[in-house]
*Asks:* 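Mind having a look at this structure? Questions to follow.
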There are 2 protein chains.
Amino acid sequence: MSPYDPSAFPPFAVTVDLVVLTVRHHALCALSVRRGESPFQGRWALPGGFVRDDEDLSQAAARELAEETGLRAQNGAHLEQLATYGDPQRDPRMRVVSVAHLVLAPDLPAPRAGGDARSARWASVDTLLTESGQDHAGDAAPLAFDHGRILADGVERARSKIEYSSLATAFCPPEFTVGELRRVYEAVWGVALDPRNFHRKVTGTVGFLVPTGGTTTRQGGRPAQLFRAGGAALLNPPMLRPEV
Amino acid sequence: MSPYDPSAFPPFAVTVDLVVLTVRHHALCALSVRRGESPFQGRWALPGGFVRDDEDLSQAAARELAEETGLRAQNGAHLEQLATYGDPQRDPRMRVVSVAHLVLAPDLPAPRAGGDARSARWASVDTLLTESGQDHAGDAAPLAFDHGRILADGVERARSKIEYSSLATAFCPPEFTVGELRRVYEAVWGVALDPRNFHRKVTGTVGFLVPTGGTTTRQGGRPAQLFRAGGAALLNPPMLRPEV
DNA sequence: CCAAAAGTGTTCACCCTACACCCATGT
DNA sequence: ACATGGGTGTAGGGTGAACACTTTTGG
């Protein structure tokens, strides 16, 4: 039997779904869109769409990201492949394999609706995941399809990756202070960190932060130095997440 | 436009490819199969095959693993999803998205050929990757398709995962000595580790190893205690890979 | 006896934590 | 003046690296 006989394999639809994370108001938030059609009409879901015939998976993810948020990857945001979900029952109408991608973005202006979504919003991942985990009466409802599971996997990936990489800077604007970076860690991990030790740690790790020379008082108090993300991708030693 | 109109999205073939790693003769080895058909006829490739209509991705990977090696996952071996590869040009005939999986297995009997492969072999990853990276005259040739890249990603995943998880025990038989476990780390990382400090470290990490009470002299020298893998999945503190 | 592998003890440097303390701004 | 956040100093405990040393087998 030839493995490429067209009758020898079943056809699949392939989509990309996006876990777009940002930090707003001291909370880790994810982008969700309201579904305009059945199934799960009116429910919240992750943004995403079909992969086109001539594009790679990462290109499809970047295109969907631009369509849904206006954000361009490699322009402050980080995009990486997360995992692929292919349960035969995950879409009730047909066999769909979804390649989920993770995007870490700085705090953005209000998202714009795009594609086939009626509207889009930022919501705290705690809200989205507890809604997803439980059936509630009223407005709250779990995310469509298996998107609750996908979001949880993306959040877990982000939480562990900022520990040993410099990815936390992807949540910050181009220039940021040590305190702003610390609040990113605190929001993503949901813990309080010692400001003094944090400062010593990140400024002492070579290649993590590059001072720009400027200062700012936008957080109040004494003027703080501004930094850009340094070139180092891996943190050695890593940031240590406090025990739970 | 309806996103589920059958004419609105291109059809894909979805496959699983397997990076099956083991430690043989002090070297990290991967399973490769000889391709029986065009394209890349006669070249070495990773084992894999089409996902069937009614099975999940992990089920497809476990089925292919059993077909190619006779190995059953969850029976000593570890199986996890690695990444998904979907470049439009990765297969010259049609659009194929491949969900690669990583398998870590103890040293096995000689592999049996299965599925559509003429033959199968274990080869050191160094050999497979340098063959893949360079064009050689004669018998050596790069792996088919983008399998060199997939193998490299799998090796990198294995190298980093044994650092902070107890997965290295998946390379060992059900009962093993501290020295045997150390030789796994040395083969996967390609470094020499201090036997004394390694012993103290792994036996001092609670939940990593469980003594069975037995001893063995199969490695020569003083009898060594035998251990089974403990329940702990995450190592805290992690094993530290020496600087390069 | 000797080689080889398994374990144990000890020392030193470094790093993480905790917290006291000082600095520079806005109101 | 004082509240607020930024930043430095320092002492104590824990851990990893290096290596001397003892233990227990096979040949």
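Within every chain, numbering begins at 1; the chains are lettered A, B, ... in the order of the sequence lines, protein sequences first and strands thereafter.
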*Asks:* For B:Pro223 and for A:Arg182, find the nucleotide of DNA chain D with the closest heavy atom, then tell me which residue's nucleotide is more 5'.
*Replies:* A:Arg182
*Asks:* Does the side chain of B:His199 get closer than 4.0 angstrom to OP1 or OP2 of C:dA6 through an N or O atom?
*Replies:* no
*Asks:* From the options C:dA6, D:dG5, D:dG7, select the nucleotide whose nearest atom is closest to the side chain of A:Ala224.
*Replies:* D:dG7
*Asks:* How many whole angstroms separate atom CZ of A:Phe198 from atom P of C:dC15?
*Replies:* 18 Å
*Asks:* Heavy-atom distance under 4.5 Å between the side chains of B:Val178 and B:Phe227, does that happen here?
*Replies:* yes
*Asks:* With respect to the phosphate group of D:dG7, does any side-chain polar atom (N or O) of A:Gln225 fall under 4.0 Å of OP1 or OP2?
*Replies:* yes
*Asks:* Round to a whole Å and report the spacing from CG of A:Leu209 to P of D:dG7.
*Replies:* 11 Å
*Asks:* Using whole Å, report how far CD of A:Glu186 lies from C1' of D:dG5.
*Replies:* 13 Å
*Asks:* List the atom of A:Leu46, the atom of A:His147, and the distance in Å for their closest heavy-atom pair.
*Replies:* N-ND1, 2.9 Å
*Asks:* For nucleotides 16-23 of chain C, read 5' to 3', which letter fits each nucleotide if B means a protein heavy atom sits under 4.0 Å from the base, S means only the sugar-phosphate is that close, and - means neither?
*Replies:* SBBBB--B
*Asks:* Rounded to whole Å, how long is the line connecting atom CG of A:Asn236 with atom P of C:dC14?
*Replies:* 15 Å
*Asks:* Does NZ or CZ of A:Arg121 come closer than 6.0 Å to the centre of the six-membered ring of A:Trp44, within 45° of the ring's axis?
*Replies:* yes
*Asks:* Are the side chains of A:Pro211 and A:Leu226 in contact, using a 4.5 Å heavy-atom criterion?
*Replies:* no
*Asks:* To the nearest Å, how far apart are A:Leu193 CG and D:dG7 P?
*Replies:* 16 Å
*Asks:* Give B:Arg218 one of three labels, base, sugar-phosphate or nothing, depending on what nucleic acid heavy atoms sit under 4.0 Å from its own.
*Replies:* nothing
*Asks:* Side chains of B:Ser124 and B:Thr127: is there a donor and an acceptor less than 3.5 Å apart?
*Replies:* yes
*Asks:* So, for B:Phe198 and B:Tyr185, is the gap between ring centers shorter than 6.0 Å?
*Replies:* yes
